[in-house]
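Take a look at the structure set out below.
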Amino acid sequence: MAELPDKKTAFIDWYLAVVEEADLSDKRYGVKGMNVWTRYGFRARRNLDHVMVREIEATGSEAVEFPALIPATEFAKEKEHIKGFDAQVFWVTRGGLTDLDVPLVLRPTSETAIYPIFALWVRSHRDLPLNVYQIVNTFRYETKTTRPFVRVREIHFFEEHTCQVDEETATARVRSNLAAFRRMARSFALPYLSVRRPEWDKFAGAHYTIAFDLPLAGARTLQLGSVHHYRDNFSRPYGIRYEAADGEERYVHQTTFGLSERLLGAIVGAHGDARGAVFPSEVAPFEVVIVPILSAASGEAVARAAREIADELRQAGRRVRLDDGDDRPGAKFYRWELAGVPLRLEVGARELERGELTGVDRLGRKLPLARVRLAEAVAGALTAFDLELGRRADAAFREAVAPATQLSELAGSERVRLLGWCGEEACGHAIERAIDGALLGTPEEPLPFAFPEPKACIACGRTDGVRVALAAQPM
RNA sequence: GGGACUGUGGGGUAGCUUGGUCCAUCCUUCGGGGUUCGGGACUCCGAGACGCCAGUUCAAAUCUGGCCAGUCCCA
């Protein structure tokens, strides 16, 4: 098997090779940006979804599912929203042989599908808060180059939509979402920046947008998801009103929280190395792979022991793959490292003799695991693996962000830049031109490391009203 | 939206300029047999491709046009 391209100098090539060779996605389907979920990739996706569902439901949100097609008339009700999405929607204009009177939009996101129904569901303050989410496919007509998981036309999308009694309560919901994402990100071992987007880059129709950005490869960042406060921007056109306790009719304030399969791309991109993917155990399609080391003399006993061990671990709830194929052990090691399995257990004559298995985690750390009470030892090894994976990702994260005080430092920057910004749009665009990227915005949550407080706007030099901002090249 | 380029077995490629020497090269992959098995085994046998449609021509992977798919640059 060929060597992978170098992650540092040829990140995209490396990423595509890992996705392909680890068999996470099959991109040979004949429509741009619409890829096939393979068996292996689907397992990872399901585990990812499981974490999202667990954390959002812990906050009281409930699952729903709305239709994929939206009447053009509903889609057009919120002016900013349609302006933002018009150029990237797929249209259904014909049914059978008949042109439709009202064309249908294939949802690029579901506000306009959900809100007419919210207007029916919400009548009293007793109906609030309304917190629901769905995990569905959404469609966007991407014209740029598509990449598996990262930029696709059919998106595996998690979206929470909520209605709150007022702006303040909606703000609290935003904070709750930020906390939920923090917990999810811990499961994925992903460090990130949570950033309030500048006015010109907020979600179409939002009052404000907070996005999660992951530094990847040089100055490039990947947006992992976003939380939006809509105020009553949508509830007014869609008529989502309630009667308050005092008898007055009021419009709800709304929030949304969106995530996607892009998280899978982020996990591959952030944790992967020269040998391939590295999955945190909660996302890993298989947490453990067992490789029997056979020989003419002990083959039978070893094969039996390997099967017993696999059964035992499965009964303990672990996702286990027993690789009893005909390849030699070395070939299996390479394949499962490429596939990102967190822990490999080697079982051979030596192990049976000692009553101790050879464990090697995906970070290359070797650890002996006693055969008795193996499930406990494996659980411990996986926990230690996740911690170390997180530590390494955190270290890379700190390395990826650096302050800048001169516009000239931004050109060709190999880091995400922390800088001073006066808040003026003109200065924001000057910064974007300088870094050939975007002003991500201002940190919404404290950054996890110390940095010198900027004294002046990097673009105009003004010293009053200066805030910290981040600039990068979003992928 | 504008421009440039590309399309050869499952993956990566040679061949294309100058049509014939190509029932298409090499690596990998896949199926079967045997010997193996503690970091990508060896060996024998076998399988698999010129994106699609039309045109030019005695002859097309190679030239022309359209379509489809993809890549890059610019807006």
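Naming convention: chains lettered A, B, ... in sequence-line order (proteins, then strands); numbering from 1 in each chain.
Under the side-chain contact (heavy atoms from CB on, under 4.5 Å) criterion, A/A305 pairs with A/V347, A/L352, not counting sequence neighbours. Judged as a side chain to side chain donor-acceptor pair (under 3.5 Å), and not counting sequence neighbours, A/T146 has no contacts. With sequence neighbours excluded, no residue satisfies salt bridge (charged side-chain N to carboxylate O under 4.0 Å, His left out) with A/R307. Residues passing the salt bridge (charged side-chain N to carboxylate O under 4.0 Å, His left out) test with A/R365, sequence neighbours excluded: A/D361. Partners of A/H161 according to the ring-ring contact (aromatic ring centres under 6.0 Å, His included) rule, which considers only residues two or more places apart in sequence or in another chain, are A/Y115. Residues passing the side-chain contact (heavy atoms from CB on, under 4.5 Å) test with A/A316, sequence neighbours excluded: A/A375.
No more than 12 heavy-atom neighbours from other residues, nucleotides or ligands sit within 6.0 angstrom of CD on A/E199.
Between the C1' atoms of B/rU36 and B/rC44, the separation comes to 15 Å (whole Å). Taking atom P in both B/rG70 and B/rC30, one finds a spacing of 27 Å when rounded to whole Å. The P atoms of B/rA24 and B/rG65 are separated by 29 Å, rounded to the nearest whole Å. When the P atom is compared between B/rG39 and B/rC63, the two are found 50 Å apart, to the nearest whole Å. Atom P of B/rG48 sits at a distance of 36 Å from the matching atom of B/rC5, rounded to the whole Å. For the P atom pair drawn from B/rA54 and B/rU62, the interatomic distance equals 14 Å after rounding to whole Å. Straight-line distance between the P atoms of B/rA47 and B/rC72: roughly 38 Å, to the nearest whole Å. Nucleotides B/rG9 and B/rU17 have their C1' atoms positioned 26 Å apart, rounded to a whole Å.
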Write out a two-atom table: protein N or O, nucleotide N or O from nucleotides 1-10 of chain B, distance below 3.5 Å.
| unit_1 | atom_1 | unit_2 | atom_2 | d |
| --- | --- | --- | --- | --- |
| B/rG10 | O3' | A/R28 | NH1 | 2.7 |
| B/rG10 | O2' | A/R28 | NH1 | 2.6 |

Check: protein-nucleotides 72-74 of chain B nitrogen or oxygen pairs below 3.5 Å:
| unit_1 | atom_1 | unit_2 | atom_2 | d |
| --- | --- | --- | --- | --- |
| B/rC72 | OP1 | A/R147 | NH2 | 2.9 |
| B/rC72 | OP2 | A/T145 | OG1 | 2.1 |

Would you list the protein and nucleotides 44-51 of chain B atom pairs, both N or O, that sit under 3.5 Å from each other?
none

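Of all the heavy atoms in A/K7 and A/G272, the pair that sits closest is NZ-O, 2.8 Å.
Between A/K8 and A/D6 there is no salt bridge, since no side-chain N of the basic residue sits under 4.0 Å from a carboxylate O of the acidic one. Note on A/R153 versus A/E142: no salt bridge recorded, every NZ/NE/NH1/NH2 to OD/OE distance being 4.0 Å or above. A/K332 has no carboxylate O lying under 4.0 Å from a charged side-chain N of A/E346, or vice versa, which leaves the two without a salt bridge.
In this structure B/rC16 sits in no base pair that meets the Watson-Crick or G-U test at under 3.5 Å. Nucleotide B/rG46 forms a pair with B/rC30, judged by Watson-Crick or G-U wobble geometry with both contacts under 3.5 Å. Across all strands shown, B/rC5 pairs with B/rG70; the Watson-Crick or G-U wobble distances both stay below 3.5 Å. Nucleotide B/rG55 forms a pair with B/rC63, judged by Watson-Crick or G-U wobble geometry with both contacts under 3.5 Å. Under the Watson-Crick or G-U wobble criterion, with both distances below 3.5 Å, B/rU21 has no partner in any strand shown. The partner of B/rC37, taking Watson-Crick or G-U wobble pairs whose two distances both stay under 3.5 Å, does not exist in any strand shown.
In this structure, the CG atom of A/D327 is 10 Å from the C1' atom of B/rC37, given to the nearest Å. One can place CD of A/E300 at 15 Å from C1' of B/rC37, the figure rounded to the nearest angstrom. Rounded to an integer number of Å, the gap from A/R344 CZ to B/rG40 P is 12 Å. In this structure, CG of A/L338 is placed 16 Å from P of B/rG40, rounded to the nearest angstrom. In this structure, the CG atom of A/D324 is 18 Å from the P atom of B/rC37, given to the nearest Å. The distance from atom CD1 of A/I293 to atom P of B/rA41 is 12 Å, rounded to the nearest whole Å. Taking atom CG of residue A/D326 and atom P of nucleotide B/rC42, one finds them 16 Å apart after rounding to whole Å. Rounded to an integer number of Å, the gap from CG of A/D323 to P of B/rG38 is 14 Å.
Sorted by first and then second residue, the pairs that involve residues 385-395 of chain A and meet salt bridge (Lys or Arg N to Asp or Glu O under 4.0 Å), not counting sequence neighbours, are A/E388-A/R391, A/E388-A/R392.
Across all strands, A/K332 comes closer than 4.0 Å to no nucleic acid atom at all (heavy-atom distances). Across all strands, A/S298 comes closer than 4.0 Å to no nucleic acid atom at all (heavy-atom distances).
Nearest to the side-chain atoms of A/F333 among the listed nucleotides B/rA41, B/rC37, B/rG39 stands B/rG39. For A/K32, whose side chain is taken as the heavy atoms from C-beta onward, the closest listed nucleotide among B/rG40, B/rC37, B/rU71 is B/rU71.
Checking A/N35 against A/R28 by side-chain atom types alone, no donor-acceptor pair falls below 3.5 Å.
Using cut-offs of 30° and 60° on the angle between ring planes, the pair A/Y238 and A/F234 is parallel.
When each of A/R335 and A/V31 is assigned the nucleotide of RNA chain B with its nearest heavy atom, A/R335 is the one assigned upstream, toward the 5' end.
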May I have the list of side-chain donor-acceptor pairs in residues 418-428 of chain A shorter than 3.5 Å, sequence neighbours left out?
| unit_1 | atom_1 | unit_2 | atom_2 | d |
| --- | --- | --- | --- | --- |
| A/W421 | NE1 | A/E424 | O | 3.0 |
| A/E425 | OE2 | A/H429 | NE2 | 2.9 |

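Remark: aromatic rings of A/Y192 and A/F181 are close, center separation under 6.0 Å.
Within residues 345-352 of chain A, the residues that place at least one heavy atom under 4.0 Å from RNA chain B are, in residue-number order, A/E346, A/G348, A/A349, A/R350, A/E351.
With centroids closer than 5.5 Å and planes inclined by less than 30 degrees as the test, A/Y334 and the base of B/rG40 pass as a stacked pair.
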